[in-house]
There are 4 protein chains.
Amino acid sequence: MAGETQITLVGNLTADPELRFTPSGAAVANFTVASTPRTFDRQTNEWRDGEAMFLNCSVWRQAAENVAESLTKGMRVIVQGRLRARSYDDREGNRRTVFEVQVDEIGPSLRYATARVTRTPSGGGGGNWSGGGAQSSYGGGQQQSGYQQQAPGGQQDWGQGSQGGGQAQQVNDPWANAQSDEPPF
Amino acid sequence: MAGETQITLVGNLTADPELRFTPSGAAVANFTVASTPRTFDRQTNEWRDGEAMFLNCSVWRQAAENVAESLTKGMRVIVQGRLRARSYDDREGNRRTVFEVQVDEIGPSLRYATARVTRTPSGGGGGNWSGGGAQSSYGGGQQQSGYQQQAPGGQQDWGQGSQGGGQAQQVNDPWANAQSDEPPF
Amino acid sequence: MAGETQITLVGNLTADPELRFTPSGAAVANFTVASTPRTFDRQTNEWRDGEAMFLNCSVWRQAAENVAESLTKGMRVIVQGRLRARSYDDREGNRRTVFEVQVDEIGPSLRYATARVTRTPSGGGGGNWSGGGAQSSYGGGQQQSGYQQQAPGGQQDWGQGSQGGGQAQQVNDPWANAQSDEPPF
Amino acid sequence: MAGETQITLVGNLTADPELRFTPSGAAVANFTVASTPRTFDRQTNEWRDGEAMFLNCSVWRQAAENVAESLTKGMRVIVQGRLRARSYDDREGNRRTVFEVQVDEIGPSLRYATARVTRTPSGGGGGNWSGGGAQSSYGGGQQQSGYQQQAPGGQQDWGQGSQGGGQAQQVNDPWANAQSDEPPF
DNA sequence: TTTT
DNA sequence: TTTT
C-alpha cells in the first residue's frame, strides 16, 4: 500500500553537504539542490531557463556518510525520494512550512562528469549487497594513500568558502537533539 | 504537453557498459540493470526478495562516454528515464518486444559506495554547465596512470567474463548502422 | 534532453479547483492537494500518519476545464507533473518562495471511488482523443437514479463550505493579467 | 528504506479490465495500457509518434473493483506503480519474461475527458476515505439525461467488440489458483 | 493480441 | 488558509 509523493530531482549542490549525528550515533546528511528547469520554447525555437528551485534534502545512515565524503558544492546529482513538509513558527509567530526531500537514493550525475566508485566497507550496517567494489583490488594501500592525498586538493578546487563542509560533527544543536534515534521516515 | 512513461530505476549493472558510435560519431552506451524488489512482509516481519528484473538501458553522447568510463559490472546505479518498447521478429518469425530505458540521467548510487567525481571537459557538447570538477587538481598524470592500472584489477574483481566491456568500438553492426546521427528519443 | 524534477503526487483536494482564464482565453485551474504520508512503523507494527503536506497545483487548457468540472473538495487525486518554485516578496519585503506543481496529467484516484468518464468534445483543442463512456450496460436509469440519490448526501458528507467552486471566472486580478497567452511551462 | 523501480505511466486501455478473485476472495483486475510516446522533432518542428508500448498492469482489492467498474477500452489513464518482471517457460521451453506494473494508484486522465466520481462504500475494506460526489449543483436530472444520451454514442465511438469486459468472474484458471490470498507485492 |  |  504505497502510492505517495514520489520525486526525482536533478540539480546541483548549493554547498557541501553537512553531516551530523543523532545522539545515538545515526548519521544524517543535509544539503540543498538547485534545479533550474529548462524548457524548449517552440516560438523562438530555443531553450529558456526557468526560475531556479532550491530543495533541501536529507539522507540517513551509511548513505549520509557516503554523500558527505563524495559530494561537494556545485556537483550535479540525481536524487530519488519522497517530498515532505515541515512546519514551524518563525520569530514573528507566523506559521511557515518548509519542503524537504527524504532521499531514498542519490548519486552524482554522469551527464557532465565521470566518477570513480569505491565500495563502502559494509561495517555496522548490514548492507545487503553491492555497489562499487571495483577498486578494492586496486592494491589497497596505493589506492588508499592516493585517496588521502586527493581529498584536500578536491576541496580547494571548488573554490568553496565553507569550511568544514562534509565534515562530521557531533553537534548538540537543537535540531540534532530533536532527532530521535531513528530516521523519522 | 508532456506526461509520459517516467521511470526511476535502481539496481546493479549486470556487465560493463558497451560503448558504441554511430557512423556520424555520436556515442551510445548500452547496459543492463538488474533490480531486485524488496518488500517488507508484515506477516513474518522481515524483508523478502522478489524476482529480479533485468532492464536494458541506453544513454547517448557525453553521458554515454562518462558511463562507459565510470561504471562497471555490479555497481549500483540510479537511472532516470523513459520506458520504451522495441519490437522485432525472432528467427522463428515471432514478434517479440523488448523494453528499454532511454536514460535521461544516471549516476552511481551512494548508498553503499563513495564516488570521486571529475568534471568532463565540455568539449564538443556545449554542455551548459557541470557537476564535479573536483579532481582536476589531483595531478592529472598520476590520476590518469592510476586509472589505467586500476581498470584491469577492477575488471577481475567483479568476476565478469565479458572482455572489452566499457571499451569504445566503432562497430558496423546492423544496429549501429540503423541508428541515425541523432538519438531517436 | 530532459531529466528534471518529476513528481507524482497522491492526495486530497483541500477545496474545489478554481478556474480562470487568461486575457486571451486560455483556461487555468488551480487547486491544492493535501498529502499525508503514511509510514509503517516496524517497532509498533502499525501505520503512522506523518505531517500533512499541501502543494499547489496548476493545470492548463482543456484539462483545466475538465478538472474544474470533475473534481471537488476532498477527492483523492493522482497528479503527475513537474515541481516548480515561484518567488515573490511579501508585504514586509521578505523574499518568499512558493512551490507549485505544473500538472502534466491528473485524474481522480480509483482507490476508494468509482468514476464515470465522459469524453470531452475535442472542440478547439485539437486534442488527439480521449477516454471512455462505458456505463451504458449498467442499465442507465436504475444506475442513474442510484447515483442521484447518492450525490447530495455525498456532498454534505464532504462538509464543504465553499460555494461556486469549479465555476469559471473571467477574472482581472493581477495574477491573471500577468499571465501570457501561453502556459509559462 | 524504499528506492525501487517507480513508474508513472500514461496511456490508453487496450481492452476492458478483467476482474478476478483469488480463492479467498481478494479482487484483482488486470488490464493493458498502450502508451505511444510523442516527441517533438526540432528539425521538422512537429510532433512524431514513437512505437507504441504495451504494459500489463495489475491492481488489487477495492481498487480492482473500482477499476473494473469505471474503466473501459480506449480510456486514457494515469498509473502510478512499480515495474516488475515475471518469468515463465513458453511451450518450446524458452525462458520468457514479461513485465507488469503493480499499480499503487490509478485513475482516468482528465486531459480529454471529465469524470463523475462516486465514493465507494468502504465496506469490508477499512479504506480510510475517498473522493467524490460533486455534481449535485449541475441540476441533476438535466445533466443526467444529457449523460444518458451521450453514453451509448460514446460506446459505439469506441468500437469496442469485447463483451463482458469489466465483469467479475470467479475463475479457476491456473493463474487464479496460483495466487495466494494476499497480493504478492 | 492490442489503445489514441 | 487547508484534505482524508
Side-chain angles (χ1 to χ4, degrees), chain A residues 3-5 85 87 94-97, chain B residues 1 3-5 85 87 94-97, chain C residues 9-18 30-38 47 49-57 71-77 79 98 108-109 111-113 119-120 122 126-132 157-162 165, chain D residues 9-18 30-38 47 49-57 71-77 79 98 108-109 111-113 119-120 122 126-133 157-162 165:
Chain A
E4 247 192 278
T5 309
S87 295
N94 298 119
R95 193 126 202 92
R96 300 262 169 246
T97 141
Chain B
M1 209 172 286
E4 247 192 278
T5 310
S87 295
N94 298 118
R95 192 125 202 94
R96 298 266 169 244
T97 141
Chain C
L9 175 67
V10 175
N12 305 87
L13 293 203
T14 62
D16 291 355
E18 284 186 26
N30 291 278
F31 54 94
T32 299
V33 172
S35 181
T36 308
R38 307 195 77 210
W47 289 95
D49 274 9
E51 183 177 358
M53 178 179 67
F54 299 93
L55 264 179
N56 301 321
C57 300
L71 303 179
T72 59
K73 181 179 178 175
M75 284 187 187
R76 183 181 176 101
V77 294
V79 174
V98 133
S109 166
R111 194 194 270 271
Y112 310 118
R119 182 177 180 168
T120 293
S122 41
N128 56 319
W129 85 283
S130 140
D157 247 15
W158 292 113
Q160 76 173 78
S162 64
Chain D
L9 174 67
V10 175
N12 306 87
L13 293 204
T14 63
D16 291 354
E18 285 187 24
N30 291 279
F31 55 93
T32 300
V33 172
S35 180
T36 307
R38 306 196 79 210
W47 290 96
D49 276 9
E51 184 176 357
M53 179 179 66
F54 300 93
L55 265 178
N56 301 320
C57 300
L71 303 180
T72 59
K73 180 178 179 176
M75 282 187 188
R76 183 182 177 100
V77 293
V79 174
V98 133
S109 166
R111 193 195 270 272
Y112 309 117
R119 185 178 178 166
T120 294
S122 43
N128 56 319
W129 84 285
S130 137
D157 249 15
W158 291 113
Q160 76 173 76
S162 64

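- The D:Phe54 side chain lies nearest to E:dT2 when the options are E:dT2, F:dT2, F:dT3.
- Summarising the geometry of D:Phe31 relative to D:Pro17, their closest heavy-atom pair is CB-CA, 4.0 Å, with the distance given to 0.1 Å.
- Closest to the D:Thr14 side chain, of the nucleotides F:dT3, E:dT3, F:dT2, is E:dT3.
- Separating the CZ atom of C:Arg111 from the P atom of F:dT3 is a distance of 21 Å, rounded to the nearest angstrom.
- Spacing between atom CD of D:Glu51 and atom C1' of E:dT3 amounts to 14 Å, rounded to whole angstrom units.
- The distance from atom CG of B:Asn94 to atom C1' of E:dT1 is 13 Å, rounded to the nearest whole Å.
- Regarding D:Asp49, its CG atom lies at a distance of 17 Å from the P atom of E:dT2, rounded to whole Å.
- Rounded to a whole Å, the CG atom of D:Leu13 is 12 Å from the P atom of E:dT3.
- Across A:Ser87 and A:Arg95, no two heavy atoms sit closer than the pair CB-NH2, 3.4 Å.
- In this structure, of F:dT3, E:dT2, E:dT3, it is E:dT2 that holds the atom nearest to the side chain of D:Thr32.
- The one candidate from C:Thr36, C:Val10, C:Leu9 that meets the side-chain contact (heavy atoms from CB on, under 4.5 Å) condition with A:Thr5 is C:Leu9.
- As a whole-Å value, the separation of C:Arg76 CZ from F:dT3 P is 16 Å.
- Of all heavy-atom pairs spanning C:Val77 and C:Leu71, the tightest one is CG1-CD1, 3.8 Å.
- The distance from atom CZ of B:Arg96 to atom C1' of E:dT1 is 13 Å, rounded to the nearest whole Å.
- Rounded to an integer number of Å, the gap from CZ of D:Phe31 to C1' of E:dT2 is 14 Å.
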